[in-house]
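What follows is one structure encoded as structure tokens, with my remarks underneath.
First the proteins, then the strands, lettered A, B, ... as listed; each starts at 1.
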Amino acid sequence: MELVLSWLKEYVDVDLPLPELAHQLTMLGLEVEDVRLIGLPMPTGENKGFTFHGLEWDKEKFVVAQVDEVMPHPNADRLVLCRLNDGQGEHTVLTGAPNLYDYKGKGPLDKPLKVAYAKEGVRLYDGHKPGFELTTLKRATIRGVESTSMICSEKELGISEDHEGVMILDDDAPTGAPLVDYLGDAVFSISIPANMVRCSSMIGLAREVAAYLDQPLRMPDLTLPKGEGKVSDAVKIEIRNPELNPRFVAGLIRNVETRPSPYLVQLRLKLSGMRPINSIVDATNYVMLEAGQPLHAFDYDVLVKRAGGKTPTIITRTAEQGEKLTTLDDVEHTLEDYTVLVADTAGSLSIGGIMGGQESEIRPDTTDILLEGASWNFINLRKSLKYLRINSEAGYRLSRGVHPTLAEIGVRLCLRRMLEWSGGQLAEGLVDNYPLPYEDPTVTITTADIKRLIGIDLTAEEIAGLLRRLMFQCEVNGNAVAATAPPHRMDIGVGVNGRADVAEEVARLYGYEKIPSIRLDSELPPLRSNPKEERNQLFQDTLVSMGLQEVISYRFTNLEQEQRIYPPDARPQGEEYVELQNPIAVDKNVLRRSLLASVLDNLERNARLRERLALFEIGPVFWPQKGQLLPDEPMRVAIAICGLRYPSAWDQKDKGNFDFFDLKGIIEGLLKALHVTEVQFEADSNPSFHPGKCAVLRVSGEKMGWLGELHPQVMANYDFGEHTRVQAADLDMDRLFNLSPKYFETNPITAFPPVIEDLAMIAPENITSDEIVRVIRSTGGFLLKQVELFDIFRGEQIGAGNKSLAYRLTYQAPNRTLNDKEVGKQRNRIITNLEKELGVKVRQAE
Amino acid sequence: MSEKSSLITELETLQKQAEQELAGLTSESDLQNWRTQFLGRSAMVMQIFRRLPEAPQEERPGIGQFANQVKSTLEEKLATKMEAVKASALQESLQTESLDVTLPGRKPPRGRLHIQTKVTREICRIFGDMGFQVFQSPEVESDDYNFELLNIPAHHPARDMWDTFFTTNESVVLRTHTSPGEIHAMKAFNPDPIRVTLPGMCFRYEQMDANHEIQFNQLELLVVGKDITFAHLKGTLEEFAKRMFGQDVRTRFRPSYFPFTEPSAEMDVECFVCGGKGCPACGSKGWLEICGCGLTHPVVLQNGGYDPDVYTGFAAGLGIERISMLRYRIDDIRNFWRNDVRFLEQF
Ligand SMILES: [Zn+2]
């Protein structure tokens, strides 16, 4: 919404410096986004953080002037010479403005043309260059005629982009007056919150400013001159659904002449971002901007014709399902059955409150006008706007709630403007059909409410005083104020809603800045654990401590992207995704099911940037469930590593790459941090991973997910640059965390020395290290503290199909020094059991 | 005894020779050789003792004594010399073993949290110090929780404030804010007082550019109790701004509109990039919009199971990426989820 300062001042006296006004509007909830100056000087001093821009018009050198005669140029057809008076003397001014050609060679003009005149040396915008580029007006000789000054276009003055012709001001413009005194203005761009649509008009803004300044509001004159013939004889109004159309006000004006509106009206429309059309259409737009009531003008003759020459009856009704209407923008709309139409006995005329129909629109030759000011159910109207996909100034206001009182005010104001700008005769009175009067709510608020909500002590009189400035009707009764909302706003509710609404108004006008700041001093809620956050932090911190970089990915993806984690012939079918109805892009049409896919995408994106990558992500995946409205959002942890095991350095020659066991080490580290027991890595197959380099992780017998080297066919789905192997894992974070004990036992540190023994053995290839360790552990008894694999090799000397494994066994007693005999006994039992249970032969020292 | 014993003369010669040689030695190993030569088992001095019987009986004690004297003199000289040699060897090694300390260090494999994890934690910690506990809720929500229960009925104009991603089930949306968590928290905790932070990923249907993302982290506050006022809202958020942006930071509260709070406000923080003078970071405004806030709307309290005649509350919502962008002068919001390591590794 553009606030045009000169316009605002018609309704309220304001003489605040511009930055102060911008600040106060902002502090009232009407955030000023920027301020455009039309000719006014830049504010001096503190700008309070607001941006001002525009061209300052020098008082001496930009003046209102009058053109008394337009003469042909001796050497150029497309140029004219103007005999111009700037209040100080007569000048001959050269111009090429096409809108002066009509006056060329007509001799002295009966009615001089008022123009904006710029003198030599001023700074203004170059009308011939695109955009706004400043230039200095210099003396020049054009085709033999010297020119020192000029008649300005709007573009040259920074008013609009219009450079079609020079500005022709209204006849009453005072010749010789500084232009800035006559046209100078400031335009504040204001963002109006959704509950303050009452402020999307000059009067609406003026009410707020008046309330803030505690100044009276000057309403424009609403009386209508006496008319000829009654409107009520010329048109009947029938409202079929008062819920959807509570009020319909109509006025009639005959024999108008559509012409250009006065320049000041056109200027205000332009500064408000609207395009002037003609004096009839402009009047409806002007009043909408002035009072906030959208209006619609029908060609009355068309209505009479449609009624077969009889008195037309306007009917407002909902559309038939599928009913069609062509609007004045030449678009045919198919309507839903809740959309309200303005119709007559012959059919539909316009979409109520949204857009006029083509047939009855105002044309240049229209003479008789039926003017509509109506109020509509804003929820229903918004619904219609949505499917019709129409954005209009009227729709914007009406879909947020325009009070029915404004329907009449709007019609009265608009009829007056039409008479003034287009001539014609008014028909007597108005037709006002108001079957469902809006009841302005009365809300009772007490001093205790204000204290309890806002935290300030106000007396009932003070509360009433603030509300009265906002035009509430207030009755004070002890500590209570019964406040009735003023008849121009629909944002005040009843009951607890109303109390909050009124408290907000009290606080807003009192000033948020004046409300004290107090630290929370109330009772603390019971302390609860934050298991989800604790879980997240434990996983994140542990993985970071092992050198991994966290990533956070889009939840949005697409099927193809997701299925890259499978070889082409192993893509699962029929997996359900959370699908979007309105994806922002085709490649972001579902929510991810796999966190592994997310991490691998990130690995791919970085693969060419680094010779070593170690990434992880924790986060939800989205799994729709049958019979459930919302998908499950299990938390997963995914890891992907590739490239060099150790970062390179200038003297670092080891080029070893990450392999399965680096990944496994990371996961073991994570499990250690979780203090889970009964951990098992088992060879397993999973389509994403290399069949020989893949393990399933079980904790306490439950599957937690897989880890492994990516299947070569999966690798082929990605571009990992130079990286030929990627190790990755995808685990169930929720379940891992659930198995993680909050408390665990630590081992005592003993002062007695351990006995360390190495045990080398030859095992068939099919015996896993895990099986061997299990036998050693179960046989070794409680004195055996640690079993660690320290060497593995294969070779001829141990026979094909065999491997040699060497373990370091640590025995320790908590309370004494062990002797060789005790350890020897255990060793022998281990050797026996390994042989018996697994066929593994321990290599005895000779 | 006028004539010196020949053994004494020998010893004198020997001592002279030893001392001369010693003077010329510079290395530890030469000194070891010298010791073997002059003080070892087969060295001359030692042999003098064995040769004592050659001397007349009465001279023997004198010679022995002299030999001992020579021996200990030589040992002393050796010790002194040894110390000097070691000192100069140390000196030399210190001089030759110097590094080019400007060579780059070897990088340990360092892991990092994503910057948004860090900033979120920091904010949660600040509010944690004020007694706020973390509460999390789902990212995919029903229309009820995302809108209806927050006092945003269907077709209400306020719905225009959120560009929403709908799933193929019209009544299921990607949450547009963390506010549904308010309802979850209230339902879980009523009638206890509440003081929670609700961090999490939210979604808006927007064309992506340097300032707009379809996915962003929000952190919401919710306080419910029997004596919570707008003044507490101001106090809490001002304290937060001081901890987050510096003790001297200026804040302002101006009226705003959210359907789930009333009175509603916007807290602006004076731009810490330009100090309020106006710069690109603050859009030349001098103020940064940091969070929307307000007293919890009575209808929302009711929907959460709290009687608005007894309880009041406040809520506030912060955009976490925006805070990071301001703090670290990040010019493109899309950096966060692109996860380019060249970006992530800068934190
Ligand atoms: Zn700034």
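- B/P308 and A/V496 get closest at one heavy-atom pair: CG-CG1, 4.1 Å.
- Electrostatic pairing of A/R555 and B/E139 counts as a salt bridge here, judged by a charged N lying under 4.0 Å from a carboxylate O.
- At distances below 3.5 Å, at least one donor-acceptor pair connects side-chain atoms of A/E550 with backbone N or O atoms of B/H114.
- Partners of B/S137 under the side chain to side chain donor-acceptor pair (under 3.5 Å) rule, at least two apart in sequence or in another chain, are B/R175.
- The side-chain heavy atoms of A/P525 and B/F189, taken from C-beta on, include no pair separated by under 4.5 Å.
- Using modelled atom types, one finds no donor on one side chain facing an acceptor on the other under 3.5 Å when comparing B/E345 with A/Q549.
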Do B/R252 and A/E513 pass the salt bridge (charged side-chain N to carboxylate O under 4.0 Å, His left out) test, and can you show the C-alpha distance, the side-chain angles, and the key distance before you say yes or no? CA-CA 7 Å; B/R252 74 173 185 194; A/E513 282 170 314; over 6 Å; no
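- Salt-bridge annotation for A/D601 and B/R338: absent, with no side-chain N of the basic residue lying under 4.0 Å from a carboxylate O of the acidic one.
- Of the possible polar contacts, one joining the A/E633 side chain to the B/V140 backbone as a donor-acceptor pair under 3.5 Å is found.
- Using cut-offs of 30° and 60° on the angle between ring planes, the pair A/F556 and B/F165 is tilted.
- Considering only heavy-atom pairs separated by less than 4.5 Å from chain B, the leading option among A/A500, A/A649, A/P193 is A/A500.
- Counting only residues at least two apart or on different chains, the salt bridge (charged side-chain N to carboxylate O under 4.0 Å, His left out) pairs with a member in residues 152-170 of chain B are A/R382-B/D160, A/K386-B/D160, A/R400-B/D160, B/D143-B/R159, B/E148-B/R159.
- Of the atoms belonging to B/F132, it is side-chain heavy atoms, and not backbone ones, that fall under 4.5 Å from chain A.
- Counting heavy-atom pairs closer than 4.5 Å to chain B, the top residue among A/T51, A/L524, A/L613 is A/L524.
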Evaluate B/D227 against A/K451 for salt bridge (charged side-chain N to carboxylate O under 4.0 Å, His left out), listing each step before the verdict. CA-CA 10 Å; B/D227 48 9; A/K451 177 74 180 163; over 6 Å; no
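- Using a 4.5 Å heavy-atom threshold, the side chains of A/I584 and B/F203 count as separate.
- A/N497 contributes no side-chain N or O that, together with a main-chain N or O of B/P298, makes up a donor-acceptor pair within less than 3.5 Å.
- Here the side chain of A/K532 pairs no donor or acceptor atom with the backbone of B/V134 at under 3.5 angstrom.
- The parts of A/I552 that come within reach of chain B are both its backbone and its side chain, each placing non-hydrogen atoms under 4.5 angstrom from that chain.
- Using modelled atom types, no side-chain atom of B/E238 and backbone atom of A/S517 make a donor-acceptor pair closer than 3.5 Å.
- Residues A/D651 and B/R106 are paired through a salt bridge, judged by an N-O separation under 4.0 Å between the basic side chain and the carboxylate.
- The aromatic rings of A/F378 and B/H156 sit perpendicular, their planes meeting at an angle over 60°, well past the 30° parallel limit.
- Contact count versus chain B (heavy atoms, under 4.5 Å) is highest, among A/L385, A/I456, A/D541, for A/D541.
- There is no contact between A/L30 and chain B, counting heavy-atom distances below 4.5 Å.
- Of the N and O atoms on the side chains of A/Q581 and B/T167, not one donor lies less than 3.5 Å from an acceptor on the other residue.
- A/N582 places a side-chain N or O within 3.5 Å of a backbone atom of B/F166 that can act as its donor or acceptor partner.
- With respect to B/R195 and A/E523, no salt bridge is recorded, no charged nitrogen being found less than 4.0 Å from a carboxylate O.
- B/H155 and A/N380 form no side-chain donor-acceptor contact under 3.5 Å, judged by distance and modelled atom types alone.
- A donor-acceptor distance shorter than 3.5 angstrom exists from the side chain of A/W650 to the backbone of B/P104, with no hydrogens or angles considered.
- Side-chain N or O atoms of B/Q133 include one that pairs as donor or acceptor with a backbone N or O of A/R528 at under 3.5 Å.
- Under 3.5 Å, the side chains of B/Y257 and A/E504 contain no donor-acceptor pair of N or O atoms.
- Looking at A/E617, there are no atoms closer than 4.5 Å to chain B (heavy atoms on both sides), in backbone or side chain.
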